[in-house]
**Student:** 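The structure's right below; bear with me while I get my questions together.
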Amino acid sequence: MAAEGCTLREQTHGDTTLNLAEVQQHIEQLAHLAGDILKSHLGKTTASTKSSAYDMVTEADRASEAMLTEALLKAYPTHHIVGEEGGGYGVPLAAAEYVWYVDPLDGTTNFAAGLPFFAVSIALADSNMNPLVGVVYNPIMDELFSASKGHGATLNGQPIQVSTTAELGQSLVASGFPYDKWTSEENNGREWVALMRQTRGIRRLGSAALDLCYVAAGRFDAYWEQKLHSWDLMAGALCVLEAGGKITDYEGVNATQAFRSGRLVATNGRVHDALLQALQTARTTMPVMEA
Ligand code: IPD
Ligand code: CA
Ligand code: CA
C-alpha cells in the first residue's frame, strides 16, 4: 500500500482516528499468519463438538484465534474483539469505539475433513456495526479477499466486481445450513428445495465467509443464509458491498439489520428482489421439514 494512500484514508469515531489503509495492510498480514497456522494443523488435528454434534472445533481454531487476538489487542488496546472461540476481548463492547469480528477458521467441518474450502475472516467495524475493513483468506488456494469502506474490494490485490447476471434462473447461488438443523424447523430446507428448482445451480461450500467473497468476485450471483454470527459475515459482507453488491435481511431491510439478525441475503443487486421473493414464497407456501 502506497504511503500516500495511507495518509488519505482516515476514519474518526469518538476520540480515535484510525488510518484504514494501515489497518487493512496489518490485518492482511495477520490473515496470512493465521493461514499458516491453519495449514500447519491440517490433517493433524482432531475435532471436538460445541453447540451440537455438528458444530466442531479443533486445535487449529484455537491456535489461530489466540495469535490473532493477541496481535490485535497489542496493536489496538482501546478496541473490543468479538472472537468466535473465546468470546469478548479487550475493553467492554459498550465502551469500545471500534470492534473487531474474528472467525479464526471459517469452515471447520471442511477443515476437519481435509476439504480445501476454509478461511480466516477478520473485520473491523465502528460501534454501530458498520464494517470499515474486512479480510478473508483461504490459505490453501492462497486467495486473499480484502476490502476497505469506500475503496473497493480486491482479490490478491486485483479489483473485483459482482456479476452482471440479471435473471435468477441464470444464477449460480450458494447457501448453508445452521448447526441446529436437526431440531429446528428453520433449517433452510424449504428455501434450498425451492431455489434448487429456480436457479442454474446451487452450492453449499461450507464457509460463509468464502460464500460472500465469491459473490463479491462474481463467482456466485447470490448467497443467503440464516443464523449466521457476526464473525462469519462482517468481513465477507464488506467485500460484497465494496464490489458493488447488495445485502439485506430476508425482509429486504438494510445490511445493518442483516448483520444484527444473522439472516442475510447477498447478491449482485440485479437478482436481489427475485431471490427475496423466492425465499419468501418458499417460507410461506412449502411445508417445513419435520425434525
Ligand atoms: C460455519 C460456516 C458454514 C455456515 C455456518 C457457519 P464455522 O462457520 O461458515 O458455512 O453454514 O453457519 O457457522 O463453524 O465453520 O466457523
Ligand atoms: Ca464461521
Ligand atoms: Ca469458525
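Indexing begins at 1, ligand by ligand and atom by atom, following the structure's order.
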**Student:** Counting C-beta onward and ignoring hydrogens, is there a side-chain heavy-atom pair between Leu275 and Leu168 closer than 4.5 Å?
**Tutor:** yes
**Student:** Would you say Phe118 touches ligand 1, if touching means a heavy atom closer than 4.0 Å?
**Tutor:** no
**Student:** Using the six-membered ring wherever Trp is involved, compare the ring planes of Tyr214 and Phe220 and label them parallel, tilted or perpendicular (cut-offs 30° and 60°).
**Tutor:** tilted
**Student:** Do Val23 and Tyr76 pass the side chain to side chain contact (heavy atoms under 4.5 Å, CB included) test, and can you show the C-alpha distance, the side-chain angles, and the key distance before you say yes or no?
**Tutor:** CA-CA 10 Å; Val23 170; Tyr76 312 102; 3.8 Å; yes
**Student:** Under 4.0 Å from ligand 1, counting heavy atoms only, is it the side chain of Lys227, its backbone, both or neither?
**Tutor:** neither
**Student:** Pair Arg219, Glu143 - check salt bridge (Lys or Arg N to Asp or Glu O under 4.0 Å), show working.
**Tutor:** CA-CA 13 Å; Arg219 295 172 179 175; Glu143 288 194 327; 2.7 Å; yes
**Student:** With heavy atoms of Asp103 as the reference, note each atom of ligand 1 found under 4.0 Å away.
**Tutor:** 16 (O)
**Student:** Output yes when the distance from some N or O of ligand 1 to some N or O of Thr109 is under 3.5 Å, and no in every other case.
**Tutor:** no
**Student:** Grab the two heavy atoms, one from Leu38 and one from Pro104, that are nearest each other, plus how far apart they are.
**Tutor:** CD1-O, 3.7 Å
**Student:** Under 4.0 Å from ligand 1, counting heavy atoms only, is it the side chain of Asp106, its backbone, both or neither?
**Tutor:** both
**Student:** Using a strict 4.0 Å cut-off to heavy atoms of Ser207, name the atoms of ligand 1 that fall inside it.
**Tutor:** 9 (O), 10 (O)
**Student:** At a non-hydrogen distance cut-off of under 4.0 Å, which region of Phe177 contacts ligand 1 (side chain, backbone, both, or neither)?
**Tutor:** backbone
**Student:** Does Leu105 approach ligand 1 within less than 4.0 angstrom via side chain, backbone, both or neither, non-hydrogen atoms only?
**Tutor:** backbone
**Student:** Can you list, by chain and residue number, the protein N, O or S atoms under 3.0 Å from the Ca ion (ligand 2)?
**Tutor:** Asp103 OD2, Asp106 OD1, Asp232 OD1
**Student:** Looking only at heavy atoms, what is the nearest atom pair of Ala278 and Gln198, with distance?
**Tutor:** CB-OE1, 3.5 Å
**Student:** Please determine whether salt bridge (Lys or Arg N to Asp or Glu O under 4.0 Å) holds for the pair Glu59 and Arg62, giving the CA-CA distance in whole Å, both sets of side-chain angles, and the decisive distance to 0.1 Å.
**Tutor:** CA-CA 5 Å; Glu59 274 310 306; Arg62 296 197 185 95; 3.3 Å; yes
**Student:** Between Asp211 and Gly236, is there a donor-acceptor pair closer than 3.5 Å when you use the side chain of the first and the backbone of the second?
**Tutor:** no
**Student:** For the residue pair Phe118 and Phe111, categorise the inter-ring angle as parallel (less than 30°), tilted (30 to 60°) or perpendicular (more than 60°).
**Tutor:** perpendicular
**Student:** Output the list of atoms in ligand 1 that are nearer than 4.0 Å to some heavy atom of Gly206, sorted by atom number.
**Tutor:** 2 (C), 3 (C), 10 (O)
**Student:** If you take the nearest heavy atom of each of Thr108, Leu205, Asp232, which one is closest to atom 6 (C) of ligand 1?
**Tutor:** Asp232
**Student:** If the contact criterion is a heavy-atom separation under 4.0 Å, does His229 count as touching ligand 1?
**Tutor:** no
**Student:** Any idea which heavy atoms bring Leu205 and Asn110 closest together, and the distance?
**Tutor:** O-ND2, 2.7 Å
**Student:** State whether the side chain of Asp249 and the backbone N or O of Gln257 hold a donor-acceptor pair below 3.5 Å, judged by distance alone.
**Tutor:** no
**Student:** Examine Phe145 and Val133 and state if one hydrophobic cluster contains both, with Ile, Leu, Val, Met, Phe, Trp and Tyr joined whenever side-chain heavy atoms are less than 4.5 Å apart.
**Tutor:** no
**Student:** Near Gly107, which atoms of ligand 1 are under 4.0 Å from a heavy atom of that residue?
**Tutor:** 7 (P), 15 (O), 16 (O)
**Student:** Answer yes or no: does an N/O atom from Asp211 fall short of 3.5 Å to an N/O atom of ligand 1?
**Tutor:** no
**Student:** Have a look at ligand 1 and work out which part of Ala208, if any, has a heavy atom under 4.0 Å from it: side chain, backbone, both or neither.
**Tutor:** both
**Student:** State if Arg204 counts as touching ligand 1 under the rule of any non-hydrogen atom under 4.0 Å.
**Tutor:** yes
**Student:** At less than 4.0 angstrom from any non-hydrogen atom of Glu225, what atoms of ligand 1 do you find?
**Tutor:** 4 (C), 5 (C), 11 (O), 12 (O)
**Student:** Does the pair Arg283 and Glu185 meet the rule for a salt bridge (Lys or Arg N to Asp or Glu O under 4.0 Å), with working shown?
**Tutor:** CA-CA 11 Å; Arg283 294 165 66 79; Glu185 290 181 349; over 6 Å; no
**Student:** Are more than 12 heavy atoms from other residues, nucleotides or ligands located less than 6.0 Å from atom CD of Glu251?
**Tutor:** yes
